[in-house]
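Below: the structure, in C-alpha cells.
Keep in mind that this is a model prediction, so the values were computed, not measured. Numbered from 1 within each chain, the chains take letters A, B, ... in sequence-line order.
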Number of protein chains: 2
Amino acid sequence: MNAEPQLIDSGLRAWKFNADRIATFFNALSEDQLQQEIAPGRNRLLYLWGHLAAANDALFPLLGIGPKLHPELDAMFFANPDRAVASVLSRSELKDVSSQINDALWTAFSGWTTEEWLQKHTSVSDEDFLREPHRNRYTVMLSRNTHMAFHYGQAILGKARA
Amino acid sequence: MNAEPQLIDSGLRAWKFNADRIATFFNALSEDQLQQEIAPGRNRLLYLWGHLAAANDALFPLLGIGPKLHPELDAMFFANPDRAVASVLSRSELKDVSSQINDALWTAFSGWTTEEWLQKHTSVSDEDFLREPHRNRYTVMLSRNTHMAFHYGQAILGKARA
C-alpha cells in the first residue's frame with residue numbers, strides 16, 4: 001500500500017470509529033433519556049443527536065455529493081436552538097434518519113480516490129481554492145469529525161444526568 | 001503540491017486548530033474557574049486541562065519522539081481520577097507545562113516527512129504492524145485530536161457553570 005491511500009485510510013478510520021460509537025450511544029437511549037439536558041438549561045440529548053445528523057447531512061451539498069437527504073433537520077436541530085421548533089422528529093424517526101445519512105456518507109467516502117478527496121468543497125471559489133488548496137473534502141471531513149467528538153463528550157455528561 | 005503533503009497538511013491543520021483553541025480557552029480561566037467541575041461530582045476544569053496535557057505528553061514516547069517532558073502529569077491527571085492526588089500543578093505551572101508540551105509536539109509534527117508519519121507507533125510490534133499498517137503515527141495523531149475535542153466540549157459546559 002502506498003502513502004496516499006494509507007493517509008486517507010487513517011482519516012476514514014478516525015471518522016468511522018467516532019461515527020459508530022456515537023450511533024451506538026444515541027441508539028441505546030430511551031425517550032426519557034433523550035429528553036435530558038446535557039447541563040441545566042442547555043440542549044437536550046435529542047437535540048444533540050439531531051444536530052449531529054443535520055451537520056452530517058449538510059456534508060452532502062458541501063462535499064458535492066448531492067442534495068441533503070433530510071433538509072427538514074436544519075430548522076429543527078441546526079439553524080435554531082433547542083425547543084425553538086415545536087415539532088421535531090421522534091426517537092425512532094431520528095434513529096432511521098441518522099443511520100440513513102451516516103450510511104450514505106460512508107458509501108461516498110469509501111469510494112473516493114485521492115484526487116476526489118482533494119477536490120475543493122462547494123463553498124470555496126475556484127480562485128480561492130488555487131490559493132488555499134487545503135479547503136478540500138478531506139479537510140472538511142477531519143474537521144467535521146472533531147465537531148462530532150466535541151458534542152459526544154457533552155452527550156456523555158448528559159447521559160450521566162439522566 | 002502533490003497529494004501526500006496535502007493530506008498530512010489537512011491532519012496538521014485539524015490538530016493545530018483544536019490545540020490552539022483549547023490552549024486559548026484554558027489559559028483564560030481564573031483559579032476559581034479551574035476549580036469548577038464540568039458537571040456536579042465530575043472532573044474539575046483543572047483536571048481536564050492536566051488530563052489533556054498528560055495525554056499529549058504521552059505522545060512523545062508513543063510516537064518515538066523521546067521521553068515524556070513531564071512524567072509527573074500521569075499520576076496527577078491521567079492514571080488517577082480527579083482529587084485522588086492531593087498536590088497537583090498550579091494554574092501557572094500547568095499553563096507553562098501545557099504550552100511546552102504543545103510547542104515541542106508541534107515542532108516534531110511539522111518536521112516529519114510522509115514516510116516518518118507512516119512509521120509505526122511504539123506500542124505495536126513489527127509483526128503486527130505488517131498486518132496492520134494503519135497503526136502509524138498519523139492515525140495516532142488524528143485519534144488524539146478527537147480525544148482533545150471530546151474533552152473540550154465538556155470543558156465548555158464546565159466554564160458555563162463557573
Discussion item. At under 4.5 Å between heavy atoms, what parts of residues 148-157 of chain A are in contact with chain B? List them by residue number.
Written reply: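 If one takes a 4.5 Å heavy-atom cut-off, the residues of residues 148-157 of chain A near chain B are A:Ala149, A:Phe150, A:Tyr152, A:Gly153, A:Gln154, A:Ile156, A:Leu157.
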Practice prompt. Identify which part of A:Leu7 has an atom lying under 4.5 Å from any heavy atom of chain B, answering side chain, backbone, both or neither.
Written response: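 Both backbone and side chain of A:Leu7 come within 4.5 Å of chain B.
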Worksheet item: Apart from A:Phe129 itself, what residues make up its hydrophobic cluster when side-chain heavy atoms of I, L, V, M, F, W and Y under 4.5 Å apart count as a link, directly or indirectly?
Response: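 Via sub-4.5 Å side-chain contacts, A:Phe129 links to A:Val124.
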Worksheet item: Can you list the other members of the hydrophobic cluster that holds A:Phe78, where links are side-chain heavy atoms under 4.5 angstrom apart?
Response: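 Members besides A:Phe78: none; it forms no cluster.
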Worksheet entry | Non-neighbouring partners of B:Ser123 that pass side chain to side chain donor-acceptor pair (under 3.5 Å), sequence neighbours left out |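 Partners of B:Ser123 by the side chain to side chain donor-acceptor pair (under 3.5 Å) criterion come out as none, since no residue qualifies.
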Worksheet item: Picking from A:Glu37, A:Gln35, A:Gln33, what satisfies side chain to side chain donor-acceptor pair (under 3.5 Å) with A:Arg44?
Response: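 By the side chain to side chain donor-acceptor pair (under 3.5 Å) criterion, A:Arg44 pairs with just one of A:Glu37, A:Gln35, A:Gln33: A:Gln35.
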Item to complete: Would you check if A:Leu73 and A:Ile101 make a side-chain contact, meaning some heavy-atom pair closer than 4.5 Å?
Response: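 Touching, per the 4.5 Å side-chain cut-off.
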Worksheet item: Is there a side-chain contact between A:Pro40 and A:Arg161 (heavy atoms, below 4.5 Å)?
Response: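 Contact flag for A:Pro40/A:Arg161 side chains = yes.
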Worksheet entry | Residue pair B:His134, B:Glu132: steps toward the side-chain hydrogen bond (donor to acceptor under 3.5 Å, both in side chains) verdict | CA-CA 5 Å; B:His134 66 274; B:Glu132 304 180 305; 4.9 Å; no
Worksheet item: Using non-hydrogen atoms only, which part of B:Ser143 is less than 4.5 Å away from chain A: side chain, backbone, both, or neither?
Response: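 When you check distances to chain A, no heavy atom of B:Ser143 falls under 4.5 Å.
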